[in-house]
Q: 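Quick one: the structure is below, questions incoming.
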Number of protein chains: 2
Amino acid sequence: MPVDNIDRVLVGDCIELMQSLPEASVDMVFADPPYNLQLGGDLLRPDNSKVDAVDDDWDKFGDPSESVGASFALYDKFTRAWLAAARRALKPEGTLWVIGSYHNIFRIGTALQDQGFWLLNDIVWRKSNPMPNFRGKRFTNAHETLIWAARDKAAKRYTFNYDSMKELNEGTQMRSDWLLPLCTGGERLKGEDGKKAHPTQKPESLLFRCIMAASNPGDVILDPFFGTGTTGAVARRLGRRFIGLERDPDYAAIARKRIAQIEPLAAEDVTPKPSKRAEPRIPFGVLIEAGLLQPGTVLSDQSGRLHARVRADGTLSASNAMGDHRGSIHQVGAALQGAPACNGWTFWHIDVAGSRRPIDHLRQQVRSGL
Amino acid sequence: MPVDNIDRVLVGDCIELMQSLPEASVDMVFADPPYNLQLGGDLLRPDNSKVDAVDDDWDKFGDPSESVGASFALYDKFTRAWLAAARRALKPEGTLWVIGSYHNIFRIGTALQDQGFWLLNDIVWRKSNPMPNFRGKRFTNAHETLIWAARDKAAKRYTFNYDSMKELNEGTQMRSDWLLPLCTGGERLKGEDGKKAHPTQKPESLLFRCIMAASNPGDVILDPFFGTGTTGAVARRLGRRFIGLERDPDYAAIARKRIAQIEPLAAEDVTPKPSKRAEPRIPFGVLIEAGLLQPGTVLSDQSGRLHARVRADGTLSASNAMGDHRGSIHQVGAALQGAPACNGWTFWHIDVAGSRRPIDHLRQQVRSGL
DNA sequence: GCCCAGAGTGAATCTCAGC
DNA sequence: TGCTGAGATTCACTCTGGG
């Protein structure tokens, strides 16, 4: 990726700009495209004040006098064009986020699937403070939907910081429904006239979670509908890099000014919690070589019912009604349980000073000594 | 509508059966179509037990060895055919519900919009007890999505019982995200072998809310994927009529038997709350006055461990090691738990026909009957 | 009868490095 | 590219059986 595009806001048509980026050069895409709202007329609150709705030209697709179907056709064409350009710019193991509402998210999800993206999750952003339904004709539209997708079905090694998400959720798995407030108050960018600078500014908390979940420090995050730069602001704070594409030079100027004021957090504060998978592998035999375990030691499972004997070559031997077993700590553990698989590190224990400890404890000693 | 189709389960292909129904004859459609899950191999839990996945033939579209795109093409063709048939059977001001997950809901939403349906809401069913993600590779898939749509954009006079929904939601507008548990325990239909009779049985609470929101007593509700008849059971209980279409005669037989055991609620209890009337909160004593609960009835918590007795003045009495307690349903519930507060409406249960139900259910009856 | 431990289960697109 | 084997991975709830 040419350095002169990184951490910059580029003004112009996002499809053309994405086509000018190197292929397979970005790690993650976050996109907040126009919603194609098709609002008919003004919406009034019960007190007859007018709701400041999205009525910008960039949210219009087709002539309002034409059929609804014609508008969808134009919107689909636009959607497929920018998605294809984003897919081209994405690394093979990168992922893409798109946010939308029921007006457009079904068009986008279908287009994603048709282009070969592989859906990983749909995420519901539950708004803690949504706008009520003033007419009383529908349920309060209290959420928006994000789709998180891998570039293709075969991409298995996409980034997902599972452990960080679990920590963020008080120790249990992060669910597909996120409760977050709208972007209001001091976070909401205002113009000199005191009015909101952008009609659909997203809360930084939403971007925080997407970026923390699916990227690593130093990754390049592309946002083709940059607006006032929420993606760039959060990316910079979290030690990620960004490429912002925005058609409107006024929005781009606001975004540049906003991001320049951001102070990146310290590197050690933005690194995802390391997963166990990322830790170096330790062959079981190393414990024997290191003298932490003697050949001939008898291991047992936690209950003390199953036993196996450590051999000098790093295998275990055991026997039960099914016969003799010899092999890795995992294979023998599985065989004795009659199970299809077994994690020998946590299954097997040794007795130390009267208490039973998993051999994983010894592995940790080796790792910390490396 | 010919009487001989009403309150019946018809066995056969749902598209052909819908085409044989009179045009514009049903008030509401509820559809739970196949999701086209495209699952891979087996999935094991960390304890090595196997997940009982949906692997039925009815959820297969195309040969798994062929491309993903080919499967979507078949699924789209099927979707558009049954949606067109459902639209034909629907009255001009009727509405349609479809439920799905991220595997299929985007295809369905797109097809709905393309056929001229007008989307009213997308509703998120947040599962209070979803299955976790066992491999730590994605967010917990903790919700499903329903789409609620009018037959066309011009239909303005569809049924939406706004005030009933508001009451069900403790006096504020019902939002587009609903927190409901899975269908488990006594509600889940089992075969003689003790295994679940249908792999994807939906909870009655979900149907309750859809039917209460978008239909009136006496309305005809069509379900083209009837399965074991949850739609019919709830429709009958709420004084609505139904037409159930089901391909599998075994499922149809289970559904017929199930529905025959349902006792419809009194007409005055299932009528939507008339709009434009500000209703007071329901004091607990009103349930006693209304005869829904007799003084002397013993309430229990969900586990059946804690008990309290209903008094004629609308208070409860109970005792435990800490002494005797008397007061409101909320106070006694809190005292018995040693908790600072308690929502008595959801904490206390009564046993009805062998199953335990929160007294909130009775409050809903009072409210819907007002 | 009560309490507690343990087993069971739900629409799920669920690993990955190294040879 | 495919195959092998290490080894990482679960939440809320219900039901059953033993003490």
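Residue numbering restarts at 1 for every chain, and letters A, B, ... go by the order of the sequence lines. The figures here come from the full heavy-atom set of this structure, side chains too, leaving out hydrogens, waters and symmetry mates.
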Q: Quick one: which of A:N121, A:V98, A:I99, A:I105 gives a side-chain contact (heavy atoms from CB on, under 4.5 Å) with A:L146?
A: A:I99

Q: Kindly indicate, with the supporting measurements, whether the criterion side chain to side chain contact (heavy atoms under 4.5 Å, CB included) is fulfilled by A:L293 and A:F284.
A: CA-CA 10 Å; A:L293 208 51; A:F284 177 66; 3.6 Å; yes

Q: Keeping the roles fixed (side chain from B:K202, backbone from B:T200), state whether a donor-acceptor pair exists under 3.5 Å.
A: yes

Q: Tell me if C:dT13 is syn or anti. Syn = glycosidic torsion within 90° of 0, anti otherwise.
A: syn

Q: For B:I147, is there any backbone N or O sitting under 3.5 Å from a side-chain donor or acceptor partner on A:Y102?
A: no

Q: Among A:F117, A:W178, A:W118, A:F160, which residue satisfies the ring pair (Phe, Tyr, Trp, His ring centres under 6.0 Å) criterion with A:W148?
A: A:F160

Q: Taking atom P in both D:dT9 and C:dA7, what distance in whole Å separates the two?
A: 22 Å

Q: Look at all strands and tell whether B:G185 reaches a base, only sugar-phosphate, or nothing, counting heavy atoms closer than 4.0 Å.
A: sugar-phosphate

Q: Taking any heavy-atom pair under 4.0 Å as a contact, classify B:G304: base, sugar-phosphate, or nothing.
A: nothing

Q: Between atom CH2 in A:W148 and atom P in C:dT13, what is the gap in whole Å?
A: 12 Å

Q: Specify the closest pair of heavy atoms between B:A308 and B:L316, including all atoms of both residues, with the distance to one decimal.
A: CB-CD1, 4.0 Å

Q: Just to be sure I understand the rule, does A:S275 reach a base, reach only the sugar-phosphate, or reach nothing, if contact means heavy atoms closer than 4.0 Å?
A: nothing

Q: Just call it for B:P33: base, sugar-phosphate, or nothing, with non-hydrogen atoms closer than 4.0 Å on any strand.
A: base

Q: Are OP1 or OP2 of C:dG10 and a side-chain N or O of B:K196 less than 4.0 angstrom apart?
A: yes

Q: Taking the P atom of each, how far is C:dG18 from D:dA8, in whole Å?
A: 14 Å

Q: Mind pulling the stems DNA chain C is in, i.e. runs of at least three Watson-Crick or G-U pairs, everything under 3.5 Å?
A: C:2-10 with D:11-19, C:15-19 with D:2-6

Q: Establish whether the base of D:dA8 is bridged to the side chain of B:K137 by a donor-acceptor pair shorter than 3.5 Å.
A: no

Q: Nearest whole Å is fine: how far is D:dG7 C1' from A:Q337 CD?
A: 14 Å

Q: What nucleotide, of C:dT13, D:dG7, C:dT9, holds the atom closest to the side chain of B:N141?
A: C:dT13

Q: Over all strands shown, is A:K156 touching base, sugar-phosphate only, or nothing at heavy-atom distances under 4.0 angstrom?
A: sugar-phosphate

Q: A:R363 near the nucleic acid: base, sugar-phosphate alone, or nothing, with a heavy-atom cut-off under 4.0 Å?
A: sugar-phosphate

Q: To the nearest Å, how far apart are B:D42 CG and D:dT9 C1'?
A: 16 Å

Q: In terms of side-chain heavy atoms of B:R188, which of C:dA12, C:dG10, D:dA6 is nearest?
A: C:dG10

Q: Using atom NZ of B:K195 as one end and atom P of D:dC15 as the other, report the distance to the nearest whole Å.
A: 19 Å

Q: If you go through the side-chain atoms of B:R138, does one of them form a donor-acceptor pair with the base of C:dT13 closer than 3.5 Å?
A: yes

Q: For A:L119, which contact category applies under a 4.0 Å heavy-atom criterion: base, sugar-phosphate, or nothing?
A: base

Q: Quantified in whole Å, what is the C1' atom distance between nucleotide C:dG1 and nucleotide D:dG17?
A: 15 Å

Q: Determine yes or no for a side-chain-to-main-chain donor-acceptor pair under 3.5 angstrom, with A:R356 supplying the side chain and A:Q302 the backbone.
A: yes

Q: Measure the distance from NE2 on B:H143 to C1' on D:dC11 and round it to the nearest whole Å.
A: 17 Å

Q: Side chain of A:R277: nearest nucleotide among C:dC14, C:dA12, C:dC16?
A: C:dC16

Q: Can you tell me how far C1' in C:dT13 sits from the matching atom in D:dT4, rounded to whole Å?
A: 25 Å

Q: Suppose you measure atom P in D:dA12 against the same atom in C:dC14; what distance do you get, rounded to whole Å?
A: 22 Å

Q: Would A:W118 pass as stacked on C:dT13, i.e. its ring centre under 5.5 Å from the base's six-membered ring centre and planes under 30° apart?
A: yes

Q: For D:dC11 and B:K127 - does any side-chain N or O of the residue sit under 4.0 Å from the phosphate oxygens OP1/OP2?
A: no

Q: I'd like to know if the side chain of B:D56 reaches the main chain of B:W58, judged simply by a donor and an acceptor atom lying under 3.5 Å from each other, with no hydrogens or angles considered.
A: no

Q: Provide the distance between the two C1' atoms, one in C:dA11 and one in D:dC15, to the nearest whole Å.
A: 23 Å

Q: Does D:dG7 have OP1 or OP2 sitting under 4.0 Å from an N or O in the side chain of A:H330?
A: yes

Q: Would you please confirm or rule out a distance under 4.0 Å between OP1 or OP2 of D:dA8 and any side-chain N or O of A:N343?
A: yes

Q: Got a donor-acceptor contact below 3.5 angstrom from the A:N161 side chain to the A:S215 backbone?
A: yes

Q: How far, in whole Å, is D:dA6 from C:dA12 if one measures between their C1' atoms?
A: 24 Å

Q: How about B:T230 and B:R258: does a side-chain donor come under 3.5 Å of a side-chain acceptor?
A: yes

Q: What integer distance in Å separates B:L39:CG from C:dA11:P?
A: 13 Å

Q: Pick base, sugar-phosphate or nothing for A:T172, based on heavy-atom distances below 4.0 Å to the nucleic acid.
A: sugar-phosphate

Q: Tell me whether the OP1 or OP2 atom of D:dA6 has a side-chain N or O from A:S328 closer than 4.0 Å.
A: yes

Q: Show each protein N/O and nucleotides 17-19 of chain C N/O combination with a separation under 3.5 Å, one pair to a line.
A:
| unit_1 | atom_1 | unit_2 | atom_2 | d |
| --- | --- | --- | --- | --- |
| C:dA17 | OP2 | A:R157 | NE | 3.4 |

Q: NA contact type, B:W58, heavy-atom cut-off 4.0 Å: base, sugar-phosphate, or nothing?
A: base

Q: Give the nucleotide from the list C:dC4, D:dT9, C:dA12 with an atom nearest to the side chain of B:R305.
A: C:dC4

Q: Identify whether any heavy atom of B:P130 sits under 4.0 Å from a base atom; if not, whether one sits that close to sugar-phosphate; answer base, sugar-phosphate or nothing.
A: base

Q: Measure from the side chain of B:H103, starting at C-beta and using heavy atoms only, and say which of D:dT10, C:dT13, D:dA8 lies closest.
A: C:dT13

Q: Under 4.0 Å: is that the gap between some side-chain N or O of A:Y158 and OP1 or OP2 of C:dC14?
A: no

Q: At less than 3.5 Å, do the side-chain atoms of B:R45 and the base atoms of C:dG10 form a donor-acceptor pair?
A: yes

Q: Could you check how far CG of B:D47 sits from P of C:dG10, rounded to whole Å?
A: 14 Å

Q: Could you tell me the separation between the CD atom of B:E187 and the C1' atom of D:dC13, rounded to a whole number of Å?
A: 14 Å

Q: Return no unless some side-chain N or O of A:Q331 is found under 4.0 Å from OP1 or OP2 of D:dA6.
A: yes

Q: When you measure from the side chain of B:N36 to the backbone N and O of B:H103, does any donor-acceptor pair fall under 3.5 Å?
A: no

Q: Looking just at side-chain N and O atoms, do A:Q115 and A:R87 make a donor-acceptor pair shorter than 3.5 Å?
A: no

Q: Using a heavy-atom cut-off of under 4.0 Å over every strand shown, decide if B:D32 touches base, sugar-phosphate, or nothing.
A: base

Q: When you check the side-chain N and O atoms of B:H143 and A:D122, is any donor under 3.5 Å from an acceptor?
A: yes

Q: Can you tell me if A:Q173 touches the phosphate of D:dT9, counting only side-chain N or O atoms and a distance under 4.0 Å to OP1 or OP2?
A: no

Q: Using a 4.0 Å heavy-atom cut-off across all strands, classify B:G186 as base, sugar-phosphate, or nothing.
A: sugar-phosphate

Q: Do B:S71 side-chain atoms and B:F61 backbone N/O form a donor-acceptor pair below 3.5 Å?
A: yes

